[in-house]
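Working notes, structure below.
Remember, it's 1-based here, ligands and their atoms both numbered in the order they're listed.
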Amino acid sequence: MVRVRFAPSPTGLLHIGNARMAVFNWLFAKRHKGTFILRIEDTDIVRSEKRYITQLIEDLHWLGLTWQEGPDVGGQYGPYLQSERLHIYNDICQKFIKEGLAYNCYCTPEQLEERRQSARLSGKPPRYDNRCRNLTDTQKKTFKSAGLKFTVRFKVPDELVAFDDLIRGTCQFDASLMGDFVIMRSDETPSFHFAVAVDDTIMKITHVIRGEDHLSNTPCHILLFNALNQKPPQFAHLSLTMGEDRTLLSKRHGAFSISEYRKLGYLPEAILNYMMLLGWSPKDKKEKFNIDDIIDTFELTDMSKASSVFDQQKLNWLSGQYIRESDTERLANLAIPYLREAGLISLGEDKIDKTNIKLIIDAIKSNIYCISQIVNEADIFFRDSIVSEKHVEYLASELSQSVLSSFHTKLQKFDSLSHENLKITLTAIQEETRIKGKELYMPIRVALTGREHGPELYHIINILGINICKKRIERFLLIKK
Ligand code: GLU
């Protein structure tokens with residue numbers, strides 16, 4: 001039975017880079033009908049914050065991920081917050097000390113730093129020199145009775161540590177170069193390595209799927225698994241996602257946190273799809289897919305060893321595709337809060353003219369990739385457009401005036417304008433004025449919206465209604481009728 005976990009440290013907002021790790025763990029569990037576990041690694045008391053835990057749970061749910069065990073849903077091997085498991089780490093640490101697998105180290109941070117410096121200067125690796133491993137009984141007693149602070153270090157055996165990574169193949173590390181590492185800090189919280197190995201053991205994790213940045217930590221974890229008499233899980237270290245400048249993805253590259261994407265009104269299925277394209281692609285190479293299309297063929301071993309590059313343009317393109325295919329009712333519901341916040345609608349939920357909003361959505365959905373863009377795109381339907389000086393001049397030209405005047409006259413006949421009638425009307429104006437193409441459409445578009453681009457003319461006229469169209473045109477007619 002496959003058991004995998006996503007184990008974030010709640011020290012910031014969930015980012016595309018780490019959410020991607022959650023996604024591949026979740027996919028793998030789904031693929032093998034296994035269990036997906038959420039474990040919060042919050043033993044760094046200074047940097048961990050409760051609000052990040054709440055937020056990341058909300059963000060993962062928004063993406064459509066669900067887990068069978070976790071802090072919010074419980075489970076057989078909980079608690080799932082490491083800060084609530086301190087007694088477990090302490091008990092195992094005591095056991096390690098008793099069995100001679102670990103020992104108290106009384107070296108102070110200052111002494112350690114001084115030794116690291118001098119090792120560096122003499123060209124030696126700056127690792128711990130294991131000096132407290134061999135303290136005499138008298139030394140131990142003296143330090144203890146003096147009440148000195150201590151950490152607990154794991155006795156690293158002199159051996160080669162080898163494992164088969166599902167993505168990277170055979171990896172080998174020489175543990176004799178490692179130095180004894182800390183498993184328990186002086187404040188009695190476990191080190192990252194210790195908490196991970198203990199929890200992966202207790203939670204019966206079968207596959208550890210995480211970022212390549214943890215590859216160098218894996219030998220420490222394997223040594224701890226051995227000490228715990230536990231067969232190590234299978235490892236799969238995923239390549240990381242970079243910005244276009246090939247440095248680790250961050251805000252600087254225009255990549256937002258998941259909650260920011262959500263606030264901007266990206267659709268979750270678009271973000272999820274895009275994250276799966278980072279370092280992986282389906283066999284048919286299609287870029288747009290949902291889980292059901294790929295779940296039967298997903299293999300971790302197909303994941304790329306090379307790092308992926310985050311491409312906001314591509315994400316926007318994909319997101320645009322999802323918006324175009326989305327149900328208008330859903331988009332309208334998502335759009336209302338943005339329109340309200342921008343002051344474009346101010347009515348209570350029951351008084352909102354949803355029909356009109358749906359018409360607007362249909363008119364503009366091919367021009368947007370996230371819902372918040374509706375505010376800018378839909379502005380033209382809610383208030384008289386502000387027309388720039390350049391456009392006023394353009395509309396005052398002889399050509400524009402003949403188009404506007406002819407259009408205005410023809411509008412008198414209609415209460416509304418069907419697609420067909422708009423076509424007929426434009427052809428009639430063309431015959432009358434001998435103006436065609438862009439010079440025919442543009443004055444009408446600019447007079448109605450103050451912009452050179454936007455939804456189709458038909459949609460604009462249909463949504464605004466004939467009366468408003470007439471009024472907007474009249475503003476620019478120099479020879480009033
Ligand atoms: N807490 C670690 C992190 O956020 C994950 C450790 C692991 O997956 O083993 O990077």
Atoms of ligand 1 under 4.0 Å from any heavy atom of A7, numbered from 1 in the order shown, are 1 (N), 2 (C), 3 (C), 4 (O), 5 (C)
Any pair with a residue in residues 355-379 that passes salt bridge (charged side-chain N to carboxylate O under 4.0 Å, His left out), sequence neighbours left out, goes on the list, sorted by first then second residue, please. E329-K358, D362-K365, D379-R383, D379-R451
Hey, is M21 touching ligand 1 through its side chain, its backbone, both or neither, going by heavy atoms under 4.0 Å? neither
Determine yes or no for a side-chain-to-main-chain donor-acceptor pair under 3.5 angstrom, with R20 supplying the side chain and I16 the backbone. no
For the residue pair W280 and F289, does the interplanar ring angle fall in the parallel (under 30°), tilted (30 to 60°) or perpendicular (over 60°) class? perpendicular
Taking only non-hydrogen atoms of R5 and a 4.0 Å limit, the atoms of ligand 1 in range are 7 (C), 8 (O), 9 (O)
Which of the listed options, Q82, R39, R210, H193, holds the heavy atom that is closest to atom 9 (O) of ligand 1? R210
Subset of ligand 1 atoms that lie under 4.0 Å from at least one heavy atom of E41: 1 (N), 2 (C), 5 (C), 6 (C)
So is K288 actually on top of Y322's ring, under 6.0 Å and inside 45° of the axis? yes
The complete set of salt bridge (charged side-chain N to carboxylate O under 4.0 Å, His left out) pairs with one or both residues in residues 189-202, sequence neighbours excluded, reads R5-D200, R39-D199, R39-D200, R85-D199
Within 4.0 Å of some non-hydrogen atom of F192, the atoms of ligand 1 are 2 (C), 6 (C)
Of all protein heavy atoms, the one nearest atom 10 (O) of ligand 1 is H214 NE2, 2.8 Å
Ignoring hydrogens and angles, tell me if any N or O in the side chain of T189 forms a donor-acceptor pair with the backbone of R185 under 3.5 Å. no
